[in-house]
Protein chains: 2
Amino acid sequence: MSKQVTIKQIAQYAGVSEATVSRVLNQPELVSKQTIQKVKDGMDELQYRPSALAQSMRNHTTKTIGVVISNVLNPFFTTLVRGIEDAATKRGYSVIVCNTDENPDKEQRYINMLVDHQADGIILASTGNHANYHSMVNDMPLVFIDRMPQGKDANLYDTVLVDNEKGSFNAVDALIKQGATRVNAIVSPVATTGTERLNGFRKALTAHDFPIREQDIALDDYLGKHTAELALNLIQTNQCDALFCGNNVILMNVLKVLKEWQIEDMKLAVFDDQPWFDFVQYPIISVDQPAYLIGTKAFITLMDRLANPDRPVTHDIVRTKLVIR
Amino acid sequence: MSKQVTIKQIAQYAGVSEATVSRVLNQPELVSKQTIQKVKDGMDELQYRPSALAQSMRNHTTKTIGVVISNVLNPFFTTLVRGIEDAATKRGYSVIVCNTDENPDKEQRYINMLVDHQADGIILASTGNHANYHSMVNDMPLVFIDRMPQGKDANLYDTVLVDNEKGSFNAVDALIKQGATRVNAIVSPVATTGTERLNGFRKALTAHDFPIREQDIALDDYLGKHTAELALNLIQTNQCDALFCGNNVILMNVLKVLKEWQIEDMKLAVFDDQPWFDFVQYPIISVDQPAYLIGTKAFITLMDRLANPDRPVTHDIVRTKLVIR
DNA sequence: CGCCTTTATGAAATCGATTTCATATACAAG
DNA sequence: CTTGTATATGAAATCGATTTCATAAAGGCG
């Protein structure tokens, strides 16, 4: 702080103007060999590092992007974030991560913050409750991940999503093929993913001529406060022998119930895969989403958009993989 | 980008100087009621948001901190980061997360980047290979977490750590009390934590009059490429009946080996606790670190330091909790 | 009514870079 | 020796805010 070395001091040291110092960094071909040397000596001597702040100010680019997700504690998002960060770092970008906890107000605040900081773009797993993103971000590029954007601006933006319906279909289909006779579901109604996963669930039942009973479906709240209760209710009143969980958080809560009530016989399927599923006593069927890949793809999409703001909107759907245990 | 509304336009709209607009935001008591109203109308009308960049430039504070950890994919660090972010958000700070993958060069680059961006401070889980942090960060406040700083600058900085030795001691002690007759260990030699955890392991053995055999100890590399191999080797050649794992990543790899080789009888203990340990067929003994708390404490320590740069260095050690299953 | 203090405001400097425009020197061609 | 063209450099404007300093108007007091 006190010791911040500026371009001015380098100029002074080398006996040249600030413009020349700047040129040494940005267009050295315009500067004579000897001057370059003098300036570089000064930079080494004084340990000069240009202020990224001042550069951003002048250049109108911060080399920073925002990532707005619901929660880094969810390993799906963590992996996704890591994918983004690795890609970003390679291209000299920094990443600011924001957790919305599925709270639209928080999402709003974070987006404002990112706009204020002039992030070059935002990658967003939307809570889905903002009608008008465009007015919020003011031409800043936005890439939607994981959840479909909603509202009238929806088709203005690039997306990188997974095929929730198909993934869920496959998982439930596998449950039934493994002999399940009554499959229940717990999904989170947050954003678009819950609905789509439920559609897959329904279609799989139908494909096997199973009746669709609404009491076989429970809608979880995001925070998971009542998941255990809901699960227990399904299990006890419906006597189901298989449960489809809409995400890894739900599965975790279901496992708690099973353990607590010592329920040994239950077929489980879940959207999203985690390494530790291998070690659980139940043979968990899971839909593996390429979270890391979604991250890198989203970043690349964002870069493309920055390079070419007027190119047509892209909608990328990445493939899921069914894991049967 | 194109539409960025500046203070100038508000000034124009309200027919006042830029200084006055700025005062409306920062010292409204100096401005007359009517003028405030005019200016605020302008802000609403044009949807003005001050450029955080320009403010940072002028105020020499970015309201941004850096968090440098080895890997967000490690749930311990994720939880820690979440603790930091929640605390930071409450105080209006943004967080930039950086993954070093235990690579000192990456650490170096990220710290440089944060210095360039004039972060207000850094929270750092050091790889431990930098002799001279002070020359790198140039008076920027630094809080070390998880790992002890090393080198000659070590005692210049605030720390928030856990008692690795005691935690490990308790875990190994518990293994033995559960009947283990030969306990082996796999730890990561990265940073200071590995050594400390190993010390705890040794002391526990000694306390029970167990001999300490060096072939009972394996040093893992961080990336975990050879963990499985090492584990298998310990198990097969030493015929151990209990394994102490230095962190959750190591445990995961050990579980893979046990599963692959269908080894059912193995007592396990691990430093760090994860929710899913509850569902694994082995009754895992774990040392629960309050990761979230470490995060919030680190952030608060950083804020204290910023508020009072000359206050004495603090060394906070948070308590671990033994979880026996 | 003249002087002094408050109150309200603006002009200009500043933060640390980049870039445009002007200028000075060196060298080549006529 | 003059003119023209590269080549190398600096002065000043700029990015969008904040703050100091100066000043003008308004109000209080003897």
Side-chain angles (χ1 to χ4, degrees), chain A residues 1-40 42-43 46-64 113 115-120 138 140, chain B residues 1-40 42-43 46-64 113 115-120 138 140:
Chain A
M1 210 163 207
S2 58
K3 297 202 196 155
Q4 160 88 305
V5 178
T6 71
I7 202 170
K8 199 169 178 174
Q9 298 169 50
I10 304 302
Q12 216 145 43
Y13 181 100
V16 298
S17 73
E18 301 171 33
T20 300
V21 178
S22 175
R23 279 187 202 109
V24 170
L25 290 167
N26 301 300
Q27 300 146 294
E29 66 279 8
L30 297 183
V31 187
S32 76
K33 293 241 160 66
Q34 317 120 53
T35 308
I36 291 185
Q37 198 50 55
K38 275 191 298 179
V39 170
K40 286 201 165 158
M43 291 179 169
L46 304 182
Q47 301 211 53
Y48 172 70
R49 318 209 94 239
S51 157
L53 229 49
Q55 291 180 319
S56 297
M57 182 89 188
R58 197 33 237 237
N59 298 339
H60 297 287
T61 166
T62 51
K63 292 281 185 178
T64 299
M113 184 272 280
V115 171
D116 294 348
H117 279 71
Q118 269 137 270
D120 291 348
N138 208 24
M140 177 184 291
Chain B
M1 211 163 206
S2 57
K3 297 202 195 152
Q4 161 87 303
V5 178
T6 71
I7 202 172
K8 199 168 176 175
Q9 297 170 50
I10 305 302
Q12 216 145 43
Y13 181 101
V16 298
S17 73
E18 300 170 34
T20 300
V21 177
S22 176
R23 280 188 201 106
V24 170
L25 290 167
N26 301 298
Q27 301 148 294
E29 67 277 9
L30 298 182
V31 186
S32 76
K33 292 241 161 69
Q34 316 120 52
T35 308
I36 291 185
Q37 198 49 55
K38 274 191 298 179
V39 171
K40 287 202 165 159
M43 291 179 169
L46 304 182
Q47 300 212 54
Y48 172 70
R49 316 210 95 239
S51 157
L53 228 48
Q55 291 179 319
S56 296
M57 182 89 187
R58 197 33 238 237
N59 297 340
H60 297 286
T61 166
T62 52
K63 292 281 187 178
T64 298
M113 184 273 281
V115 170
D116 294 348
H117 279 72
Q118 268 136 272
D120 290 350
N138 207 24
M140 177 184 291

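Convention: sequence-line order gives letters A, B, ...; per-chain numbering from 1. Quick caveat, the model's predicted, so the values are computed rather than measured.
The side chain of A:T35 places an N or O atom within less than 4.0 Å of a non-bridging phosphate oxygen (OP1 or OP2) of D:dT9. For A:Q55, a side-chain nitrogen or oxygen approaches OP1 or OP2 of C:dT18 to under 4.0 Å. Between B:N26 and D:dT18 there is a side-chain N or O to OP1 or OP2 distance below 4.0 Å. Considering only side-chain N and O atoms, A:T6 lies nowhere under 4.0 angstrom from the phosphate OP1 or OP2 of C:dG16. Phosphate proximity of C:dG16 to A:S51: absent, as no side-chain N or O sits under 4.0 Å from OP1 or OP2. Distances shown here put every side-chain N or O of B:T20 at or beyond 4.0 Å from the OP1 or OP2 atom of C:dT9.
Closest to the A:Y48 side chain, of the nucleotides C:dG16, C:dA17, C:dT18, is C:dA17. Comparing C:dA17, C:dA8, C:dA12 by their closest approach to the side chain of B:A19 singles out C:dA12. Out of D:dG16, D:dA17, D:dT9, the shortest distance to the side chain of B:E18 is found at D:dA17. The side chain of B:M57 sits closest to C:dC15 out of D:dT19, C:dC15, D:dT9. Proximity note for A:R58 (side chain, C-beta onward) versus D:dG10, C:dT18, D:dA17: the nearest is C:dT18.
Distance B:L25 CG to D:dT19 P: 11 Å, rounded to the nearest Å. Spacing between atom NZ of B:K8 and atom P of C:dG10 amounts to 15 Å, rounded to whole angstrom units. When rounded to the nearest whole Å, the span between NZ of A:K63 and P of C:dA17 equals 18 Å.
Both A:A54 and A:R23 sit near DNA chain C, but only A:A54 has its closest nucleotide nearer the 5' end.
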